[in-house]
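Everything on this sheet refers to the single structure shown next.
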Amino acid sequence: MQTGVGKAKAATKVYPGRAAVISWIFFDWAAQPCFTLITTFVFAPYFASFVASDAASGQALWGFATAAAGLAIALLSPVLGAIADASGRRKPWIAVFGALLVIGSSAMWIGTPGNPDIIPMLLLAYAIASVGVEFATVFNNAMMPTLVPPDRIGRLSGTGWATGYVGGILSLVLVLGFLAANAETGKTLFGFTPLFGLDPVMHEGDRITGPLTGLWFIIFVTPMFLFTPDYPAKRPMREALGEGLRELRESLLSLPKQRSLAWFLLANMIYTDGLVSLFAFGGIYAAGTFGWDTIRIGTFGIILAVAGTFGGWIGGKLDDAFGPKRVITGSLVILLFAIVVILTVNKDSILFIPVAPPVPGGPLFAGAAERAYIVLGCLIGATGAPLQAASRSLLIRLAPKDRIAQYFGLFALTGKVTSFIGPLLIGAITAATASQKYGMAVLVAFFVVGLGLLARVREQTTAVVPA
């Protein structure tokens with residue numbers, strides 16, 4: 001309950017100007033290629049199709065690496081978030097973990113095709129990049145309550161996700177149109193010879209996505225460091241370490257008394273695992289099911305990113321109008337429908353009904369099953385963005401504002417503590433059955449359970465402004 005003093009502070013609280021907010025939003029733009037180019041649409045399918053011995057083993061290995069990174073993120077996120085709250089600073093943490101993103105992604109250039117000896121180092125580089133981008137995101141999210149009033153948090157979060165998707169679209173257009181070429185024709189999607197003399201036979205256009213991701217992050221995260229204000233330093237790092245760990249312990253012990261927050265964190269743990277796994281393996285699944293090359297998968301990614309852009313922007317408005325819980329619930333229902341139908345789509349059938357398969361060498365997405373997969377993918381893209389944006393908006397409504405980074409650390413913990421389970425199950429089931437479809441079927445359970453747990457959350461409509 002907000003006291004008179006708290007209300008006075010809320011009334012007089014001054015928020016930074018538009019330049020600071022826009023610069024913060026560009027963090028999502030800067031980080032998105034790590035997810036778009038590496039995790040989903042270009043490098044992951046390339047790894048499964050051309051570096052690993054076959055698509056099924058590639059999906060399994062990628063799943064194990066994703067699981068290892070997720071476990072590291074799960075263990076460290078709440079601790080680092082608690083220390084950041086105690087120290088007061090956010091930007092130094094974003095800089096450190098942003099550097100890991102740049103180093104890890106740039107090192108992925110080493111992934112030459114048909115070279116199994118490089119796989120361990122390549123997966124290690126991917127894990128480092130994943131850890132870097134996820135931790136940097138934790139501290140970037142924690143800056144949100146200081147940028148806009150509570151009634152505009154949903155719009156800010158949704159705009160950030162939508163902007164990130166636009167960045168993903170442009171990075172994909174850059175790769176497909178000018179860098180990655182078909183190995184047979186030597187031409188990019190736009191019919192050009194790859195820039196910088198990139199060799200299509202050695203898949204240098206696919207591999208350049210790693211260094212491009214690092215360079216992209218450096219360029220577009222810079223405005224946030226220049227124009228978005230940070231919290232002032234509260235105490236030296238040594239004192240912050242002890243204070244942060246003490247506050248983390250108190251927060252964990254108090255969770256049973258904050259039932260809605262506890263149920264939300266548990267629901268987030270389950271449905272985020274399903275969503276991350278769906279995004280991580282969607283491109284790999286398409287490569288194995290339809291035999292899509294980089295250009296087709298990348299074009300598919302552009303279409304999904306466009307859907308995600310509109311979904312994130314509209315979802316932000318719906319969040320402010322109806323509340324984040326309703327946005328999350330609606331998104332989960334649509335995602336559940338999409339994944340169930342996807343599991344019935346094969347190269348020559350939809351919902352077990354035979355259709356004509358695509359003609360080899362024909363135009364993009366000429367087969368009926370391919371077009372159905374794109375429509376379902378658009379549903380996933382359009383709902384995945386508001387699901388994630390509304391989730392961080394709901395956390396801000398539920399969590400104590402003086403420990404926001406800590407709770408975003410717990411938010412990342414619940415988003416990652418079981419994040420190794422989804423990829424691990426997909427990898428293990430795919431390896432055991434040699435079937436990508438059986439591996440992906442496990443995701444249905446994550447969305448069903450997440451919906452059930454979310455129903456127990458009571459959404460708060462007011463927020464306490466930090467002193």
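Atom set for the values below is all heavy atoms of this structure, side chains included, hydrogens, waters and symmetry mates excluded.
A donor-acceptor contact shorter than 3.5 Å is absent between the side chain of D206 and the backbone of Y46. Not one N or O on the side chain of W24 forms a donor-acceptor pair closer than 3.5 Å with the backbone of G160. The main-chain N or O of A389 is never found under 3.5 Å from a side-chain atom of S393 such that the two would form a donor-acceptor pair. Checking side-chain atoms of T228 against main-chain N and O of A20 turns up a donor-acceptor pair under 3.5 Å. A side-chain donor-acceptor contact under 3.5 Å links T188 to the backbone of G177. Of the possible polar contacts, one joining the T222 side chain to the I218 backbone as a donor-acceptor pair under 3.5 Å is found. Looking at T159, its side chain never comes within 3.5 Å of a backbone N or O of L156 through a donor-acceptor pair.
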ring-ring contact (aromatic ring centres under 6.0 Å, His included) assessment of W62 paired with Y126 = CA-CA 9 Å; W62 196 261; Y126 163 64; 4.1 Å; yes
Can you check side-chain contact (heavy atoms from CB on, under 4.5 Å) on L443 and L425, steps first, answer last?
-> CA-CA 9 Å; L443 298 181; L425 286 175; over 6 Å; no
May I have the step-by-step check of side-chain contact (heavy atoms from CB on, under 4.5 Å) for W216 and L170, ending in yes or no?
-> CA-CA 11 Å; W216 186 283; L170 292 182; 4.1 Å; yes
side-chain contact (heavy atoms from CB on, under 4.5 Å) between V133 and F217, worked out | CA-CA 10 Å; V133 71; F217 182 82; 5.8 Å; no
From CA spacing to verdict: side-chain contact (heavy atoms from CB on, under 4.5 Å), E204, W109 | CA-CA 8 Å; E204 291 181 349; W109 170 259; 3.7 Å; yes
Can you give me every donor-acceptor pair (side chain of residues 25-33, partner residue at least two apart or in another chain, under 3.5 Å) with its distance?
| from | atom 1 | to | atom 2 | distance (Å) |
| --- | --- | --- | --- | --- |
| D28 | OD2 | R392 | NH2 | 3.3 |
| Q32 | NE2 | T36 | OG1 | 2.9 |

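Within the 4.5 Å cutoff, the side chain of F264 has heavy atoms near those of the I328 side chain. Here the side chains of L123 and F47 are in contact, with some heavy-atom distance below 4.5 Å. With a 4.5 Å cut-off on side-chain heavy atoms, N268 and L395 do not count as touching. Side-chain atoms of M108 and L122, non-hydrogen and from C-beta on, do get closer than 4.5 Å to each other. Proximity of W93 to F135: side-chain heavy atoms (C-beta onward) are nowhere separated by under 4.5 Å. The shortest side-chain heavy-atom distance between K317 and W313 falls under the 4.5 Å cut-off. Within the 4.5 Å cutoff, side-chain heavy atoms of M224 are placed close to those of I94. The closest side-chain heavy-atom distance from L179 to L212 is below 4.5 Å.
When all heavy atoms of L304 and G377 are compared, the pair lying nearest together is CG-O, 3.3 Å. Closest approach of I380 and I342 over heavy atoms only: CD1-CD1, 3.6 Å. Contact record, P386 with G315: CB-CA, 3.9 Å, taken as the closest heavy-atom pair. The two atoms that bring R207 and G111 nearest to each other are CD-O, 3.3 Å, heavy atoms only. Contact detail for V21 and L147: the closest heavy-atom pair is CG2-O, 3.8 Å. A390 and V327 make their closest contact through CB-CG1, 3.8 Å (heavy atoms, listed as atom of the first residue, atom of the second, distance).
Rounded to the nearest 0.5 angstrom, L387 CG and T272 OG1 are separated by 6.5 Å. Note that CG of L275 and OG1 of T383 are 8.0 Å apart. Values are rounded to the nearest 0.5 Å. For the atom pair OG of S106 and CD1 of I208, the computed distance is 9.0 Å after rounding to the nearest 0.5 Å. Summarising the geometry, atom OG belonging to S105 is positioned 10.5 Å from atom CZ belonging to F43; distances are rounded to the nearest 0.5 Å. Note: L261 CG to R397 CZ = 14.5 Å, rounded to the nearest 0.5 Å. Put simply, CD1 on I396 and CG on N141 are 7.5 Å apart, with the number rounded to the nearest 0.5 Å.
Ring planes of F97 and F139: parallel class, angle under 30° (limits at 30 and 60°).
Counted within 6.0 Å of CZ on F225, heavy atoms from surrounding residues, nucleotides or ligands total more than 12; the atom is thus considered enclosed. Environment of CZ in F190: crowded, with over 12 heavy atoms of neighbouring residues, nucleotides or ligands closer than 6.0 Å.
Counted by atom type alone, S391 and Y271 present one or more donor-acceptor pairs between their side chains at under 3.5 Å.
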